[in-house]
2 protein chains.
Amino acid sequence: MVGLHAKVEKSLRSQGVRYTTNRRALIEALENTPGPLTVEEIYRVTEPRIPYSSIYRDVRVLTDTQVLTLHHSADRSNRFELAEWLSGHHHHLVCVACMAISDISLAPAAEGRLSRLADSAAAGAGYRVTGHSLEIEGLCPDCDS
Amino acid sequence: MVGLHAKVEKSLRSQGVRYTTNRRALIEALENTPGPLTVEEIYRVTEPRIPYSSIYRDVRVLTDTQVLTLHHSADRSNRFELAEWLSGHHHHLVCVACMAISDISLAPAAEGRLSRLADSAAAGAGYRVTGHSLEIEGLCPDCDS
DNA sequence: AACAATTTGATAATCATTATCATATATTCA
DNA sequence: TGAATATATGATAATGATTATCAAATTGTT
């Protein structure tokens with residue numbers, strides 16, 4: 001089993017992009033959280049501090065190189081997370097009260113049903129499906145009590 | 001069968017908000033398109049022209065009053081659409097090539113499977129589910145040829 | 001070591017969005 | 001109907017998040 005950083009480095013190298021200390025720190029920050037992070041959250045979590053200009057540049061570079069993906073949350077903020085080829089296919093649980101987002105994986109059987117369902121719905125519209133993503137809204141355990 | 005505008009007006013009135021000519025024009029613009037629109041697209045589509053300051057204010061008012069909902073597309077733009085209590089429950093098809101978004105409804109049986117699947121996945125995480133939304137990515141008929 | 005390429009961080013510029021406010025329009029009620 | 005009151009409009013300024021710039025630093029290469 002190859003480690004996350006090795007995978008990222010290999011992918012970046014093949015695209016002529018260096019895997020620097022700053023970029024490694026971003027990946028580590030995202031690796032250690034249950035859901036996507038904003039630029040500001042990355043800024044607060046990394047140690048030592050990385051200037052905003054560098055974080056903005058790096059999340060963009062990492063998104064352009066398919067290492068990260070961008071998500072938008074209901075509070076209108078932009079959040080980044082590891083691309084699925086690094087973190088595994090997953091969906092999102094969004095708390096409608098506190099807006100927290102957490103990753104969730106479906107059981108294989110459920111994932112299979114979801115894929116077939118998406119395929120047949122899209123086929124009706126003439127689309128060739130390349131992926132899907134389910135967002136489940138609800139009250140998280142904290143906000144529900 | 002009550003018309004769309006009557007529903008919107010009633011809802012807004014009950015919240016002390018007026019259903020003006022500008023706001024009606026926004027609703028009409030959104031009613032006549034297959035997917036969500038950006039502020040700029042609304043600006044171009046409405047006749048006579050409504051200034052940006054008014055469109056921005058109105059989409060915000062209409063979103064705050066639950067008449068519209070905000071969506072984010074992969075090209076990082078914000079798009080507005082009629083809330084589901086006005087347009088009906090639906091999901092989105094996103095073309096990964098041209099970024100167009102169109103609404104899609106699932107067959108009742110498929111929608112039922114999706115709901116159950118979302119419920120049981122979320123239950124495992126202690127969430128109480130209030131809704132769900134599926135985004136299907138693929139190539140639209142135009143981009144696929 | 002010398003050279004070339006890329007990255008960094010400070011700062012300035014840009015762009016989408018929101019706030020301000022005087023004027024206009026609609027609603028209420030005496 | 002006609003004040004009086006409340007809300008909406010549109011021009012403009014202000015804000016905030018993101019991107020661009022560029023000299024200095026770092027990394028990779030001959």
Side-chain angles (χ1 to χ4, degrees), chain A residues 5-6 8-29 36-65 67-81 99, chain B residues 5-6 8-29 36-65 67-81 99:
Chain A
H5 295 294
V8 173
E9 179 157 26
K10 186 178 173 196
S11 170
L12 291 180
R13 281 194 110 80
S14 77
Q15 299 175 77
V17 174
R18 294 176 186 163
Y19 194 40
T20 62
T21 309
N22 279 354
R23 290 168 185 172
R24 179 177 290 260
L26 301 203
I27 298 297
E28 276 167 3
L37 296 179
T38 63
V39 165
E40 190 194 348
E41 287 163 349
I42 293 172
Y43 177 78
R44 286 202 302 254
V45 152
T46 45
E47 177 63 42
R49 283 284 161 83
I50 301 173
Y52 276 110
S53 61
S54 294
I55 299 178
Y56 272 110
R57 175 159 18 70
D58 286 336
V59 294
R60 174 162 271 271
V61 166
L62 294 172
T63 303
D64 289 347
T65 51
V67 170
L68 302 183
T69 54
L70 171 63
H71 270 271
H72 308 270
S73 58
D75 63 359
R76 297 180 166 219
S77 61
N78 292 328
R79 293 172 179 275
F80 296 87
E81 66 178 349
M99 295 295 154
Chain B
H5 295 295
V8 173
E9 179 155 27
K10 186 178 171 196
S11 170
L12 291 180
R13 281 195 109 80
S14 77
Q15 299 174 76
V17 175
R18 294 172 187 165
Y19 195 40
T20 62
T21 308
N22 280 354
R23 291 168 185 172
R24 178 178 292 260
L26 301 204
I27 298 297
E28 276 167 3
L37 295 179
T38 63
V39 165
E40 191 193 349
E41 288 164 349
I42 294 171
Y43 177 78
R44 286 201 300 256
V45 153
T46 45
E47 179 62 43
R49 282 286 161 84
I50 301 173
Y52 276 111
S53 60
S54 293
I55 298 178
Y56 273 110
R57 177 160 15 72
D58 286 335
V59 294
R60 173 161 272 270
V61 166
L62 294 172
T63 302
D64 289 347
T65 52
V67 170
L68 301 183
T69 54
L70 170 64
H71 269 271
H72 310 270
S73 58
D75 63 359
R76 298 180 167 220
S77 61
N78 292 326
R79 292 171 180 276
F80 295 86
E81 67 179 349
M99 295 294 152

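Letters go in sequence order (proteins before strands), and every chain restarts at 1. Model, not experiment: these values are computed from the prediction.
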Visitor: Within the pair A:Arg18 and D:dG28, is there a side-chain N or O less than 4.0 Å away from OP1 or OP2?
Guide: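 Indeed not, no polar side-chain atom of A:Arg18 lies that close.
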Visitor: Please say whether the positively charged group of A:Arg49, taken as NZ for Lys or CZ for Arg, lies over the ring of A:Tyr43, i.e. under 6.0 angstrom from the six-membered ring centre and within 45 degrees of the axis.
Guide: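 Ring-cation test returns yes.
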Visitor: Charged N to carboxylate O below 4.0 Å: is that the case for B:Arg79 and B:Glu41?
Guide: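 Yes.
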Visitor: Below the 4.0 Å mark, does D:dA8 have OP1 or OP2 next to a side-chain nitrogen or oxygen of B:Arg57?
Guide: no
Visitor: CD1 of A:Ile50 versus P of C:dT8: gap in Å, rounded?
Guide: 8 Å
Visitor: Which residue lies toward the 5' end of DNA chain C, B:Arg60 or A:Val17, if each is placed at its nearest nucleotide?
Guide: A:Val17
Visitor: Specify the separation, in whole Å, of atom CZ of A:Arg24 and atom C1' of C:dT8.
Guide: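 So the CZ-C1' distance, A:Arg24 to C:dT8, works out to 18 Å.
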Visitor: Could you tell me how far apart A:Asp64 (CG) and C:dT6 (P) are, to the nearest whole angstrom?
Guide: 15 Å
Visitor: Could you tell me whether the phosphate oxygens of D:dA17, OP1 or OP2, come under 4.0 Å of any side-chain nitrogen or oxygen in A:Asn78?
Guide: no
Visitor: Between B:Gly16 and B:Ser54, which residue's closest nucleotide on DNA chain D lies nearer the 5′ terminus?
Guide: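 So the residue in question is B:Gly16.
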Visitor: Any side-chain N or O of A:Arg76 less than 4.0 Å from the OP1 or OP2 oxygen of D:dA17?
Guide: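 False: A:Arg76 side-chain N/O out of range (4.0 Å or more) of D:dA17 OP1/OP2.
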Visitor: For D:dT19, does either OP1 or OP2 sit under 4.0 Å from a side-chain N or O belonging to A:Tyr56?
Guide: no
Visitor: Determine the minimum heavy-atom distance between A:Arg60 and B:Arg76, stating which atoms define it.
Guide: NH2-NH1, 3.7 Å
Visitor: Over how many whole Å does the gap from A:Tyr43 atom OH to C:dG9 atom C1' extend?
Guide: 12 Å
Visitor: Taking only side-chain nitrogens and oxygens of A:Ser53, does any of them come within less than 4.0 Å of OP1 or OP2 of C:dG9?
Guide: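 Looking at the OP1 and OP2 atoms of C:dG9, neither is under 4.0 Å from any side-chain N or O of A:Ser53.
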Visitor: Could you go through the side chain to side chain contact (heavy atoms under 4.5 Å, CB included) check for B:His72 and B:Asn78 one step at a time?
Guide: CA-CA 5 Å; B:His72 310 270; B:Asn78 292 326; 2.9 Å; yes
Visitor: Would you say B:Asn22 places a side-chain N or O within less than 4.0 Å of OP1 or OP2 belonging to D:dT9?
Guide: yes
Visitor: Separation of A:Arg49 atom CZ from C:dT8 atom P, in whole Å?
Guide: 18 Å
Visitor: Roughly, in whole Å, what's the span from CD in B:Glu40 to C1' in C:dT17?
Guide: 14 Å
Visitor: Say you draw a straight line from OH of A:Tyr19 to NZ of A:Lys10; how long is it, rounded to the nearest 0.5 Å?
Guide: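 With rounding to 0.5 Å, OH (A:Tyr19) is 15.0 Å from NZ (A:Lys10).
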Visitor: If you compare every side-chain N and O of B:Thr20 against the phosphate oxygens of D:dT9 (OP1, OP2), does one of them come in below 4.0 Å?
Guide: yes
Visitor: So what does B:Val61 touch, heavy atoms closer than 4.0 Å: a base, only the sugar-phosphate, or nothing?
Guide: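 No contact at all - B:Val61 keeps every heavy atom at 4.0 Å or more from the nucleic acid.
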Visitor: Find the distance B:Arg23:CZ to C:dA26:C1' and express it as a whole number of Å.
Guide: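 Interatomic distance, CZ of B:Arg23 to C1' of C:dA26: 12 Å.
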Visitor: Taking OH from B:Tyr19 and C1' from C:dT25, how many angstroms apart are they, rounded to a whole number?
Guide: 18 Å
